[in-house]
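To start, the structure itself, in structure tokens.
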Amino acid sequence: MSEPHDLNAISNDLFAVRREKLAILREAGEDPFRANWDQSHVAADCPALLPEGAEEGPEVSVAGRIVALRVMGKASFVKLLDRSGVVQCYLTRDALGERYDGHFKKLVDLGDFIGVRGRLFRTKTGEVTVRAAAYGLVSKALRPPPEKFHGLADPEQVYRQRYLDLVANHDSRRRLLTRSRIIESIRRFLWSRGFAEVETPALHGVAGGAAARPFVTHFNALDCDFSLRIALELHLKRCLVGGLDRVFEIGRVFRNEGLSRKHNPEFTMLELYQAYTDYRGMMELIRSLIQQVCREVLGSTTVARAEGGEIDLGGEWREVRYKDLILGRTGDPAWFSRTKEEKIEACRRLGLGEPRPDWEDFEVTNEVFAKLVEPTLIQPTFVTHIPRQLCPLAKLTPDDPDTIDVFELCINGQEIAPAYSEQNDPLEQRRMLEAQAGAETHRIDEDFLLALEHGMPPAGGLGVGVDRLGVLLTGAANIRDTILFPTLRPEVRE
RNA sequence: GGCCCGAUAGCUCAAUGGUAGAGCAGUUGCCUUUUAAGCAAUUGGUUCUGGGUUCGAGUCCCAGUCGGGCCA
């Protein structure tokens, strides 16, 4: 540098310019990273504090990140972003004196955090604004923010540097805060129905409760491997055995499978179990839950889809048997009496890919369901009477031993929530788990079966993919848009 | 894992195989009610990486990295 604090010489290096300003501040004895700033109000409070027609409102003290900075000679407007939103502040030489020119105009940048104290007034265009009697730089930003109009557009940077996305992109901020309010609303609903929120282990000796490959890790102290949980189910049922008749958990589960628009390897499940009810009770519960969340969070039971169109979550929901959906889609009334080979041939005619050779008969049929039926179930639909092989943890339908007492709630072309009349016959449960495990008997959670042998009350159980519910209620296009920090390949920095 | 697409200034984006540009941000001025503020001047590039073709490559070819979409 040719002379001390020659910003012009380094003006192409945005980081260096800001570090230089930091040095100037420190030389002047100022702490550019203060411990605190007393906020009397947040941005969203301000409009209500200035009554219509009033010239001037009360004094407030606000703080936030500068997201807009308009300097007009001896007066400037800044917009501060805090947790509630944005508030405008008006800083002038008249009110601030020499500090306005020497400090504010020279050393405060877009992206810095400042605090502002002053009375509220309304500008010519009607915006409620803080007239700064005093301000302070509370935290300097050494990196420049993204472009102010387009925000951050590169999807990789949006996910890797979500903090920038949250500052720059209003929609992202709104969507991710909505997710938080959805979870808050779910908890309120369940508490009001007498459910206890519990926490169960994430490290499992045997990862059970679903069919998925687990992440495996090693516990040094016991010198043994653990799996990260793939479901919450088996421990919550142990709670039922222990007499906790209504329990739920909202927790992260981990499945060592693909990444896609609909899948993140770690995602959030809500699972709940209610004794002395069955899957029919779960129907009423999930519909009431989703409708209450909609009303509380969105103020409406109608939501827009990213792909266009609307979903109406109000009123009663359609209920239809799995078998009828298959017959309707294949147009073959004798579908279920066909051989596996005939079904595979029919799948080819329907334009489905070649089924894997090791597939069972019911898996061929389920391919039709997953590929050709589920994506068409946009409006809320309870699919019932599902083939028993698809879930070993539910009770058989009393009048149809081929199906189970469950529903699969589909909305927006996706499975949102399955629910069961839970299997509580320990001998039947063992038989079904053994059939599912085949030769891999080490994958059976023996302690869970032992618990069932002590007796579990009849119960309905429900699982909800919270991320997918977030996609549904926020109109997002991608599950990553409702997850703050989605899984990405670790970045290698040199 | 397969196929397709993308990667250019801090950000958003341009650029027939022929001297890499713009807007915003930055720097220097002017500007006391702005709303993507305005005006003037100005700085800023390993065009993702490595090979190749060519007189000449941001552009064409091959391989790789990272990301996105579709499929499995």
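Quick note on labels: first sequence line is chain A, next is B, and so on, each numbered from 1. Atom set for the values below is all heavy atoms of this structure, side chains included, hydrogens, waters and symmetry mates excluded.
Listed pair Arg261(A) / C70(B) meets the phosphate criterion, a side-chain N or O lying under 4.0 Å from OP1 or OP2. Between Arg143(A) and G10(B) there is no side-chain polar atom (N or O) within less than 4.0 angstrom of OP1 or OP2.
A cation-pi geometry, defined here as NZ or CZ lying under 6.0 Å from the six-membered ring centre and within 45° of its normal, holds between Arg19(A) and Phe15(A).
Note: Lys21(A) NZ to Lys140(A) NZ = 5.5 Å, rounded to the nearest 0.5 Å. To the nearest 0.5 Å, the span separating CG on Asp165(A) from CG on Leu484(A) amounts to 9.5 Å.
Within the structure, ring pair (Phe, Tyr, Trp, His ring centres under 6.0 Å) pairs that include any residue of residues 96-130 of chain A comprise Tyr90(A)-Phe121(A), Tyr100(A)-Phe104(A), His103(A)-Tyr135(A), Phe104(A)-Tyr135(A) (at least two apart or interchain).
Here the side chain of Asp112(A) pairs a donor or acceptor atom with the backbone of Ala141(A) at under 3.5 angstrom.
Which of G67(B), U34(B), A72(B) sits closest to the side chain of Arg160(A) comes down to G67(B). Listed candidates were U34(B), C66(B), U27(B). Nearest to the side chain of Arg489(A) is C66(B).
At a cut-off of 3.5 Å, with distance as the only test, no side-chain donor of Thr381(A) or Trp317(A) sits close to an acceptor on the other residue. Checked by atom type, the side-chain pair Thr268(A)/Arg179(A) shows a donor-acceptor distance below 3.5 Å. Counting only N and O atoms by type, the side chains of Asp481(A) and Tyr159(A) include a donor and acceptor under 3.5 Å apart.
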(request) For each nucleotide in nucleotides 36-46 of chain B, reading 5' to 3', give B when a protein heavy atom comes within less than 4.0 Å of its base, S when such contact involves only the sugar-phosphate, and - otherwise. (result) BB-----BS--
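For the C1' atoms, the distance from A9(B) to G23(B) is 12 Å, rounded to whole Å. Taking atom P on both A40(B) and A22(B), the two are 15 Å apart, rounded to the nearest angstrom. Across the C1' atoms, U34(B) and C39(B) are found 15 Å apart, a figure rounded to whole Å. Between the P atoms of C3(B) and G21(B), the separation comes to 38 Å (whole Å). When the P atom is compared between G50(B) and U27(B), the two are found 33 Å apart, to the nearest whole Å. Taking atom P on both nucleotides, U59(B) is separated from A20(B) by 13 Å, rounded to a whole Å.
Taking 3.5 Å as the limit, the base of U34(B) and the side chain of Thr123(A) contain a donor-acceptor pair of atoms between them. For U34(B), its base never sits under 3.5 Å from the side chain of Lys124(A) at any donor and acceptor pair.
Each of Pro155(A) and Lys371(A) was matched to the nucleotide of RNA chain B holding its nearest heavy atom; the match closer to the 5' end belongs to Pro155(A). In terms of position along RNA chain B, the nucleotide closest to Leu152(A) lies nearer the 5' end than the nucleotide closest to the other residue of the pair Leu152(A) and Asp109(A).
Heavy atoms of Gln88(A) sit under 4.0 angstrom from at least one base atom. Note on Phe121(A): a base of the nucleic acid sits closer than 4.0 angstrom, heavy atoms only. Counting any heavy atom pair closer than 4.0 Å across all strands shown, Leu164(A) reaches no nucleic acid atom. Among the atoms of the strands shown, none is found under 4.0 Å from any heavy atom of Arg122(A).
For A15(B), there is no paired base (Watson-Crick or G-U wobble, both distances below 3.5 Å). The base-pairing partner of C60(B), taking Watson-Crick or G-U wobble contacts with both distances under 3.5 Å, is G52(B).
For the pair Lys21(A) NZ and A25(B) P, the computed distance is 13 Å after rounding to whole Å.
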